[in-house]
Enquirer: 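Have a look at the structure that comes next, please.
Numbering of ligands and ligand atoms starts at 1, following listing order. Numbers for residues simply follow the sequence, beginning at 1.
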Amino acid sequence: LFGYVGIEAVLEQMKVKTMKMGFEFNIMVVGQSGLGKSTMVNTLFKSKVSRKASQPSQEERIPKTVQLQSVTHVIEEKGVKMKLTVTDTPGFGDQINNENCWDPIIKYINEQYERYLREEILITRKRKIPDSRVHGCVYFIPPTGHWLRPLDLEFMRRLSKIVNVVPVIAKADTLTLEEREEFKQRQDLKAHSISVYPQEDFDEDPDDRLLNDRIREKIPFAVVGADQEHQVNGKRVLGRKTKWGIIEVENPEHCEFPMLRDLLIRSHLQDLKDITHNVHYESYRVRRLNESNR
Ligand code: GDP
Ligand code: MG
């Protein structure tokens with residue numbers, strides 16, 4: 001009777017549905033001011049996110065970020081629309097007292113959960129609830145000290161409880177390869193039980209574990225950001241000019257920006273969305289509904 005179910009037809013239906021609905025994906029950058037967060041937002045959009053030809057580069061100075069601010073680009077590939085939003089945050093660390101510097105960021109993340117929740121509990125719900133929840137939060141670690149500061153640990157500890165945190169070593173071009181390696185050898189995050197993305201608890205099967213172990217070894221990614229293009233061997237590449245030459249941000253031999261980008265918007269995009277919905281949003285929802293039942 002069930003000799004032919006037609007799984008392929010089901011897959012095709014799912015594909016068509018996704019194509020029609022499109023999807024939303026939201027990233028946030030967090031860290032001390034001056035670590036290259038705003039530059040990284042531009043790097044993400046200017047790098048080859050889609051196969052479309054890159055936009056002509058605007059070479060303007062990045063102003064200091066003074067408030068939370070989101071940039072959205074709609075990227076279309078093979079008929080599917082992805083609405084990619086990156087939220088830039090003002091850096092902390094400008095004040096002498098950094099106590100509670102995470103408050104505005106935590107508040108923003110929770111506000112997006114709250115918005116989603118309010119739509120979800122309506123009697124007549126939208127067929128597709130607008131999703132502004134933060135699916136991935138890139139945390140910038142200063143490239144100095146070779147050790148996570150108490151402030152970074154505390155910030156990431158709080159963040160990792162409510163959102164997927166992807167730590168990166170900022171401005172990795174200012175470190176030698178040995179220094180980058182030394183950074184990764186440190187087990188600070190583990191020692192402080194801070195569970196960054198991809199969390200070991202959520203590996204789904206041995207294959208998943210194997211793939212994610214390889215990623216976990218590389219975390220924090222040593223990234224370099226740039227929003228200017230340079231000529232290298234007759235090609236225009238995104239890069240930073242230094243006295244040793246041009247550091248190409250999209251070249252995996254030069255830095256790990258490509259790994260970060262691939263993790264976020266290629267290999268793990270759906271997983272970041274799933275964990276956001278099934279774990280982080282779910283615990284927000286339970287907490288909120290318990291509160292209001294009291
Ligand atoms: P934000 O305060 O974290 O948003 O930092 P910005 O993006 O405004 O960058 C601060 C300064 O650092 C600017 O002069 C950037 O050109 C520079 N910068 C950004 N990314 C990098 C990087 O990867 N390496 C180096 N060496 N400098 C960077
Ligand atoms: Mg900024």
Enquirer: With heavy-atom distances below 4.0 Å as the criterion, list the atoms of ligand 1 near Gly225.
Expert: 20 (N), 21 (C), 22 (C), 23 (O)

Enquirer: Determine the sole option in His268, Glu200, Glu204 for which the side chain to side chain donor-acceptor pair (under 3.5 Å) test with Asn212 is passed.
Expert: His268

Enquirer: Check Met40 against ligand 1 and report side chain, backbone, both or neither, counting heavy atoms closer than 4.0 Å.
Expert: neither

Enquirer: Within the structure, does Val223 bring an N/O atom to less than 3.5 angstrom of an N/O atom in ligand 1?
Expert: no

Enquirer: Quick one: which ligand 1 atoms are inside 4.0 Å of a heavy atom on Ser33?
Expert: 2 (O)

Enquirer: In sequence, state the C-alpha distance, the side-chain angles, and the governing distance for Arg261 and Glu250, and then conclude on salt bridge (Lys or Arg N to Asp or Glu O under 4.0 Å).
Expert: CA-CA 9 Å; Arg261 180 197 50 198; Glu250 293 187 83; 2.9 Å; yes

Enquirer: Hey, which atoms in ligand 1 end up nearer than 4.0 Å to a heavy atom of Thr39?
Expert: 6 (P), 7 (O), 9 (O), 15 (C), 19 (C), 20 (N)

Enquirer: A quick test of your reading: do over 12 heavy atoms of other residues, nucleotides or ligands sit less than 6.0 Å from NZ of Lys218?
Expert: no

Enquirer: How about Arg115: does its CZ atom have over 12 heavy atoms from other parts shown lying under 6.0 Å from it?
Expert: no

Enquirer: For the salt bridge (Lys or Arg N to Asp or Glu O under 4.0 Å) test, which of Arg127, Arg133, Lys128, Lys126 pairs with Glu119?
Expert: Lys126

Enquirer: Indicate yes or no: does an N/O atom of Val224 lie under 3.5 Å from an N/O atom of ligand 1?
Expert: no

Enquirer: Got a sec: is Thr89 within less than 2.8 Å of the Mg ion (ligand 2) via an N/O/S atom?
Expert: no

Enquirer: Is the shortest N/O to N/O distance between Ala172 and ligand 1 below 3.5 Å?
Expert: no

Enquirer: One pair to check against side-chain contact (heavy atoms from CB on, under 4.5 Å): Lys241 and His230. What are the steps and the verdict?
Expert: CA-CA 8 Å; Lys241 207 172 189 161; His230 301 274; 4.1 Å; yes

Enquirer: With sequence neighbours left out, what residues match Ser193 under side chain to side chain contact (heavy atoms under 4.5 Å, CB included)?
Expert: none

Enquirer: May I ask you to list the atoms of ligand 1 that are less than 4.0 angstrom from any heavy atom of Asp173?
Expert: 22 (C), 23 (O), 24 (N), 25 (C), 26 (N)

Enquirer: Taking side-chain contact (heavy atoms from CB on, under 4.5 Å) as the criterion, tell me which of Leu84, Val166, Val134, Thr85 meets it with Ile27.
Expert: Leu84

Enquirer: Using a strict 4.0 Å cut-off to heavy atoms of Lys37, name the atoms of ligand 1 that fall inside it.
Expert: 1 (P), 2 (O), 3 (O), 4 (O), 5 (O), 7 (O)

Enquirer: Looking at ligand 1, does any of its N/O atoms fall within less than 3.5 Å of an N/O of Asp88?
Expert: no

